[in-house]
Amino acid sequence: MTVRTRFAPSPTGFLHIGGARTALFSWAFAKKHGGTFILRIEDTDVARSTPEAVQAILDGMQWLGLDYDEGPYYQMQRMERYKQVIQTMLDAGSAYYCYSSREELEALREQQMANKQKPRYDGKWRPEAGKTLPTPPKDIQPVIRFKNPVDGVVVWDDLVKGRIEIANSELDDLIIARADGTPTYNFCVVVDDSDMGITQVIRGDDHVNNTPRQINMLKALAEIDTAIQLPQYAHLSMILGSDGQKLSKRHGAVSVMQYHEDGYLPEAVLNYLARLGWSHGDDEVFSMAQFCDWFDLNHITASAAQFNTEKLNWLNNHYIKLADLTELAKDIAARLAQQGVHVTATPNLTDAISLYRDRANTLNELAQSVAYFYSKPQVDAEAKAKHVTEDILSVLAGLTAQLAEVEWTTEAIHALIAQTVASHALKFPKVAMPLRVLITGGAQSPSIDAIMAILGRDETIARLSS
RNA sequence: GUCCCCAUCGUCUAGAGGCCUAGGACACCUCCCUUUCACGGAGGCGACCGGGGUUCGAAUCCCCGUGGGGACGCCA
């Protein structure tokens with residue numbers, strides 16, 4: 001059977017890092033098996049869904065390069081289909097109208113909680129053989145509930161967690177259509193996964209408790225339509241924040257696009273996410289092509305994983321070092337422009353980047369570190385006091401004068417500095433450090449001669465003369 | 001509260017009963033390289049949650065405990 005997987009976010013916010021990983025695994029599984037990856041937008045919660053959120057999800061997936069083969073499907077556009085299925089269930093007796101009011105249900109829940117019981121529907125309107133149902137009140141619009149089996153257990157072999165067994169006695173008759181007639185999540189998922197021929201449902205493990213309900217509905221549907229088959233399920237454990245707490249809006253569950261803004265390469269984020277909860281022996285760094293080739297559900301960890309920015313940084317640095325220089329320069333120029341620093345043809349940006357890329361964890365850091373090539377640096381006062389001392393000023397003046405004459409190459413500049421150092425019987429850093437401070441603004445930088453070569457003669461002399 | 005899931009270095013993980021003196025990566029520390037800081041190179045520190053079983057043998061299987069997480073909506 002051809003593999004068909006899906007990613008089914010609800011558009012109530014941006015695509016966060018956990019959602020991105022779920023999408024990534026689903027995507028990779030389809031790729032690995034030459035299957036189809038489907039995007040489905042679960043927007044039945046009209047009150048919370050927004051077009052902006054849909055766009056944010058689309059943008060996030062595009063940035064990461066998680067392309068889908070089908071979709072996006074929108075559940076709101078499938079209303080007729082859901083209503084049709086609900087009707088067949090009503091006709092088949094696997095669903096029924098329930099007239100319990102919200103207040104009534106709320107009171108029931110509170111009472112059960114007070115009795116330390118698991119809150120659930122009491123089955124008041126559930127039809128049973130030989131049971132007389134109450135007379136429906138006129139002022140209440142009924143909801144429709146699924147008639148869940150009372151006995152037995154629901155069992156499935158979770159592709160990540162192994163065999164999971166949940167007793168039907170733990171489940172109640174869930175609402176599949178609201179009073180206004182709109183279907184609810186668990187029901188839509190079942191219809192969609194079935195209609196779309198999903199073979200592996202790969203999703204977050206907060207859905208484990210929904211799975212037995214969905215399986216029961218699927219089985220009920222399968223009694224009506226024998227072509228319906230159960231998918232396999234793979235429940236991914238969640239990603240925790242760096243503090244070990246659940247990722248949430250106020251707990252670092254940032255949008256994947258925030259990583260873009262913060263200067264992370266999609267390759268790094270992808271590689272990091274792939275490795276978070278999945279492994280291939282000791283392999284740490286790999287391309288998406290390699291990942292898709294290796295990916296399997298057997299090597300997914302069942303336990304929750306904590307997000308670690310330092311490792312992401314390390315990977316990001318790795319991919320920055322590997323990045324195409326021209327592409328990198330384009331990105332860095334844009335980031336500099338955002339800060340009001342405009343890149344000019346000289347000094348050469350790609351040369352400047354080559355000098356700094358090895359030490360940058362993010363593109364923002366990289367942009368920051370080459371900014372002084374295009375705007376006067378703010379000279380660090382402490383570094384200046386320490387390195388630009390009285391006794392060295394005359395040496396610098398002499399050097400500056402010679403700089404006007406020297407051939408403008410890294411080698412020639414280096415030779416000139418070395419010669420100055422020698423003629424004054426100094427140590428190399430004694431001259432290099434003040435140059436560094438005056439030219440770059442700080443005490444840490446790559447080789448100062450290489451920097452000067454890129455910066456240009458006039459600007460170098462200008463900075464040394466001020 | 002009830003049900004479900006999970007448990008190896010600080011973190012991500014390898015580990016399918018003997019290959020484990022528990023391996024790798026990030027972080028951290030030391031040294032080397034060096035023109036400062038990085039990069040890079042070489043080392044180091046550092047873990048099987050606890051208790052019972054099963055077995056000749058357990059990080060690996062079973063049970064109990066503990067700890068963490070999730071679910072219990074006319075949200076998804």
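All values reported here derive from a predicted model rather than from experimental measurement. A, B, ... follow the sequence lines: proteins, then strands. Residue 1 opens every chain.
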* Asked: Reckon Ser100(A) touches a base, only the sugar-phosphate, or nothing at all at heavy-atom distances under 4.0 Å?
  -> base
* Separation of atom NE2 in His207(A) from atom P in rG70(B), rounded to whole Å -> 14 Å
* Side-chain donor/acceptor contact of Arg436(A) with base of rU35(B) under 3.5 Å -> yes
* How long is the line joining CG of Asn186(A) and P of rG73(B), in whole Å? -> 11 Å
* When all nucleic acid strands are considered with a 4.0 Å heavy-atom cut-off, which category describes Val208(A): base, sugar-phosphate, or nothing? -> sugar-phosphate
* Quiz item: Asp206(A) side-chain donor-acceptor pair to rG70(B) base, under 3.5 Å -> no
* Assign the ring pair Trp294(A) / Phe286(A) to parallel, tilted or perpendicular, where the plane angle (0 to 90°) is split at 30° and 60°. => perpendicular
* **Pi-cation contact, Tyr121(A) with Arg145(A) (under 6.0 Å, within 45°)** => yes
* Asked: Is the Phe25(A) ring parallel, tilted or perpendicular to the Phe291(A) ring (thresholds 30°, 60°)?
  -> tilted
* To do: Have a look at Gly442(A) and say if it touches a base, only the backbone sugar-phosphate, or nothing, with a 4.0 Å heavy-atom cut-off.
  => nothing
Let me check something: any side-chain donor-acceptor pairs from residues 361-371 of chain A under 3.5 Å, sequence neighbours excluded? List them with distances.
unit_1: Thr362(A); atom_1: OG1; unit_2: Asn364(A); atom_2: N; d: 3.4
unit_1: Thr362(A); atom_1: OG1; unit_2: Glu365(A); atom_2: N; d: 3.0
unit_1: Asn364(A); atom_1: OD1; unit_2: Arg335(A); atom_2: NH1; d: 2.8
unit_1: Asn364(A); atom_1: ND2; unit_2: Glu261(A); atom_2: O; d: 2.9
unit_1: Asn364(A); atom_1: ND2; unit_2: Asp262(A); atom_2: O; d: 3.4
unit_1: Glu365(A); atom_1: OE1; unit_2: Asn361(A); atom_2: N; d: 3.1
unit_1: Ser369(A); atom_1: OG; unit_2: Glu365(A); atom_2: O; d: 3.2
unit_1: Ser369(A); atom_1: OG; unit_2: Leu366(A); atom_2: O; d: 2.8

* To do: Remember a base hit wins even if backbone is also touched, and classify His387(A) as base, sugar-phosphate or nothing at under 4.0 Å, heavy atoms.
  => nothing
